[in-house]
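This report concerns only the one structure given below.
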2 protein chains.
Amino acid sequence: MKSTIPDTGVPITPPAGNGGDRQENRPEASLHGEILLRLRDYVVEGNIAEGARVPERQLCEMLGISRTPLREALKVLAAEGLIELLPNRGARVRQLSQRDLEELFDVMAGLESLAGRLACEAITDAEITAIEQLHYEMYGHYLHRDMHGYFQTNQRIHESIVAAARNETLKTAYANFAGRIRRVRYSANFARKRQRWAEAMREHEAILDALRRRAASELSDILFQHLRNKRTAAIEHLTEPQEDAPATP
Amino acid sequence: MKSTIPDTGVPITPPAGNGGDRQENRPEASLHGEILLRLRDYVVEGNIAEGARVPERQLCEMLGISRTPLREALKVLAAEGLIELLPNRGARVRQLSQRDLEELFDVMAGLESLAGRLACEAITDAEITAIEQLHYEMYGHYLHRDMHGYFQTNQRIHESIVAAARNETLKTAYANFAGRIRRVRYSANFARKRQRWAEAMREHEAILDALRRRAASELSDILFQHLRNKRTAAIEHLTEPQEDAPATP
DNA sequence: GCCGGCTATTTTGCATTCATTTTTTGTCCT
DNA sequence: AGGACAAAAAATGAATGCAAAATAGCCGGC
């Protein structure tokens with residue numbers, strides 16, 4: 001796997017003194033960065049139908065910019081897996097097949113499983129307490145059949161675990177994959193089955209228990225299985241959409 | 001988290017019939033795709049010093065193209081984490097701190113751990129046999145103190161496990177993270193310590209054993225720990241570079 | 001002699017323009 | 001009327017041009 005770039009004979013070397021360089025990390029500073037953030041949200045929120053062709057022209061006037069920064073943002077979104085770029089035929093919102101979803105869920109499961117493992121090494125008692133708090137809050141939502149609140153709190157719990165892993169790289173990757181799935185989650189709220197719901201609560205209790213004991217391997221297993229079950233519920237839901245549980249008033 | 005894109009009132013909908021659309025997945029078809037592949041290899045192979053500023057101008061004439069496709073490729077590489085783009089100050093090869101490396105290794109560990117878990121569900125006997133074959137081959141390299149061959153075969157084993165997981169999404173993510181680390185691996189070949197080497201061999205045997213028994217959780221644990229140990233060896237190596245084991249004749 | 005401010009040059013960011021490719025539309029022929 | 005071909009229209013891909021920011025070079029001051 002050798003690089004095919006013509007060697008100019010001029011080795012590229014650093015400017016000899018860039019150790020304590022300031023970083024200036026503000027993606028929204030440049031226009032393409034701004035565009036990237038807005039477009040990403042726009043896509044993740046499901047404003048564009050799956051597989052819909054998105055003419056650059058139209059997006060340009062929507063955003064009030066020229067095509068150059070837009071195209072740069074599109075390339076990045078494609079790299080992130082949110083859209084796909086067909087040569088000479090424009091950008092489309094990526095169509096997720098059932099298989100894609102399964103794969104995504106499994107990867108998410110792996111990442112959360114990892115997060116749990118790492119969290120056991122670094123999490124503080126205070127953080128555990130905070131998660132317990134969220135857990136009770138979620139339990140309340142469960143009792144009140146408040147799906148929306150339940151999901152929101154559930155997400156915060158999982159995010160807390162990821163945060164406790166003290167790994168920014170993991171956190172970023174997690175956010176990326178979560179974004180890809182969120183598109184689907186927006187249109188279809190799965191896991192509405194009562195039975196699955198109760199099961200999830202029990203699993204969450206097991207998670208907390210393992211976390212308290214800092215049982216890394218065990219927590220890793222539980223988290224993986226928990227996400228695996230979520231996956232199953234999600235796929236089932238997509239296959240035969242309707243179920244019980246009326247929408248909250 | 002609401003999108004900030006001005007709503008033109010015109011909902012974007014798909015062209016009503018794009019189910020069996022042909023896909024045409026050839027990244028190298030377009031120029032920016034070609035550039036992307038070449039630049040990525042170029043960076044991964046370590047041809048540019050860490051933290052080196054890379055003027056667009058220079059890269060353009062190196063590649064014989066204009067700035068537009070180059071800039072698009074740079075944006076993607078930045079999204080992949082290989083380089084970073086400082087606003088108004090150009091692209092730099094991403095400087096990996098020790099912490100970054102630790103994080104990357106842990107994420108890799110998580111992904112391989114996941115791969116092992118999934119592989120247990122889907123791997124065929126033939127695939128296991130193939131991995132055993134690689135294992136013996138690697139053992140030969142070990143006995144002959146052939147570091148290069150050892151590493152190469154080692155890598156093939158790990159790739160085989162990932163492949164056996166039957167998850168393209170995972171495979172892609174794995175390749176991405178591997179690329180980020182490979183940069184470092186190119187400049188510094190760690191894990192040269194004899195003791196660590198022997199340990200790694202034992203771990204590999206345990207991996208094979210668990211794989212044969214399709215013991216998912218167990219394999220997951222072993223793989224994670226294996227990568228964790230690799231991480232430790234790598235970090236140690238970077239801290240105090242030299243050790244025993246002379247270069248192969 | 002060294003540091004700080006000012007100007008000139010370089011470099012980046014974005015818009016615009018040019019060249020292909022694709023898609024659409026219109027026409028002709030069967 | 002329906003389909004095939006061809007030309008027009010539109011969209012994408014890449015190059016160029018222009019404004020703003022950053023870097024470097026220069027001069028003066030201390």
Side-chain angles (χ1 to χ4, degrees), chain A residues 10 12-39 48 51-79 83-93, chain B residues 8 10 12-18 20-39 48 51-79 83-93:
Chain A
V10 183
I12 303 176
T13 50
N18 47 359
D21 235 329
R22 67 189 187 282
Q23 296 265 356
E24 299 194 29
N25 269 339
R26 275 189 316 166
E28 68 276 19
S30 53
L31 187 46
H32 71 260
E34 165 93 14
I35 293 304
L36 178 58
L37 294 177
R38 290 170 65 178
L39 251 188
I48 309 181
R53 188 174 176 187
V54 186
E56 295 177 2
R57 193 82 174 175
Q58 189 172 342
L59 277 179
C60 281
E61 46 198 52
M62 267 174 84
L63 297 161
I65 57 166
S66 89
R67 285 174 53 214
T68 310
L70 176 80
R71 287 173 58 82
E72 292 173 348
L74 287 178
K75 296 283 183 302
V76 174
L77 290 184
I83 66 176
E84 55 187 355
L85 299 175
L86 305 173
N88 289 319
R89 301 176 64 240
R92 292 174 183 237
V93 174
Chain B
T8 56
V10 184
I12 304 176
T13 50
N18 46 0
D21 236 330
R22 66 190 188 281
Q23 296 266 354
E24 300 195 26
N25 268 340
R26 276 189 315 168
E28 67 276 19
S30 53
L31 186 46
H32 70 258
E34 164 92 15
I35 293 304
L36 179 59
L37 293 177
R38 290 171 66 179
L39 251 187
I48 309 179
R53 185 174 174 187
V54 186
E56 295 177 2
R57 193 82 173 175
Q58 189 174 341
L59 277 180
C60 281
E61 46 198 51
M62 268 173 84
L63 297 160
I65 56 165
S66 88
R67 285 174 52 215
T68 309
L70 176 80
R71 286 173 59 80
E72 293 174 347
L74 287 179
K75 295 285 182 302
V76 174
L77 290 184
I83 65 177
E84 55 188 355
L85 299 175
L86 305 173
N88 292 318
R89 298 172 73 235
R92 292 174 183 235
V93 173

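Chain letters run A, B, ... following the sequence lines, proteins first, then strands; residues in each count from 1.
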Heavy atoms from C-beta onward define the side chain here; which of [options] lies closest to that of [X]?
{"X": "A:S66", "options": "D:dA14, C:dA15, D:dA15", "value": "C:dA15"}
{"X": "B:R53", "options": "C:dT11, C:dA15, D:dG17", "value": "C:dT11"}
{"X": "A:E56", "options": "D:dG13, D:dT16, C:dG13", "value": "D:dG13"}
{"X": "B:H32", "options": "D:dA14, D:dT23, C:dA15", "value": "D:dA14"}
{"X": "A:N88", "options": "D:dT12, D:dA15, C:dG13", "value": "D:dT12"}

Expressed as a whole number of angstroms, how long is the span from [X]:[atom1] to [N]:[atom2]?
{"X": "B:E61", "N": "D:dA15", "atom1": "CD", "atom2": "C1'", "answer": "16 Å"}
{"X": "A:E72", "N": "C:dT12", "atom1": "CD", "atom2": "P", "answer": "13 Å"}
{"X": "A:R71", "N": "C:dT16", "atom1": "CZ", "atom2": "C1'", "answer": "14 Å"}
{"X": "A:L74", "N": "D:dT12", "atom1": "CG", "atom2": "P", "answer": "9 Å"}
{"X": "B:L85", "N": "C:dC14", "atom1": "CG", "atom2": "P", "answer": "11 Å"}
{"X": "A:L59", "N": "D:dA11", "atom1": "CG", "atom2": "P", "answer": "12 Å"}
{"X": "A:R92", "N": "C:dT23", "atom1": "CZ", "atom2": "C1'", "answer": "12 Å"}
{"X": "B:Q58", "N": "C:dT11", "atom1": "CD", "atom2": "P", "answer": "9 Å"}

Handout entry: Within-4.5 Å side-chain heavy-atom neighbours: A:K75 and B:K75
Key = no
Handout entry: Contact summary for B:R92 and B:R89, nearest pair of heavy atoms
Key = NH2-NH2, 4.5 Å
Handout entry: Nearest atoms (heavy-atom pairs only) where B:C60 meets B:R67
Key = SG-CG, 3.3 Å
Practice task
Could you tell me whether the side chain of B:R89 has a donor or acceptor atom within less than 3.5 Å of a complementary atom in the base of C:dG13?
Solution key: no
Problem - Candidates A:L39, A:L36, A:L31, A:V54 - the one meeting side chain to side chain contact (heavy atoms under 4.5 Å, CB included) with A:L70 - result: A:L39
Exercise for the section: Select from B:A91 and A:T68 the residue whose nearest nucleotide in DNA chain C is closer to the 5' end of that strand. Expected result: B:A91
Completion exercise
Rounded to the nearest 0.5 Å, the CD1 atom of A:I35 sits from the CD1 atom of A:I65 at a distance of 3.5 Å
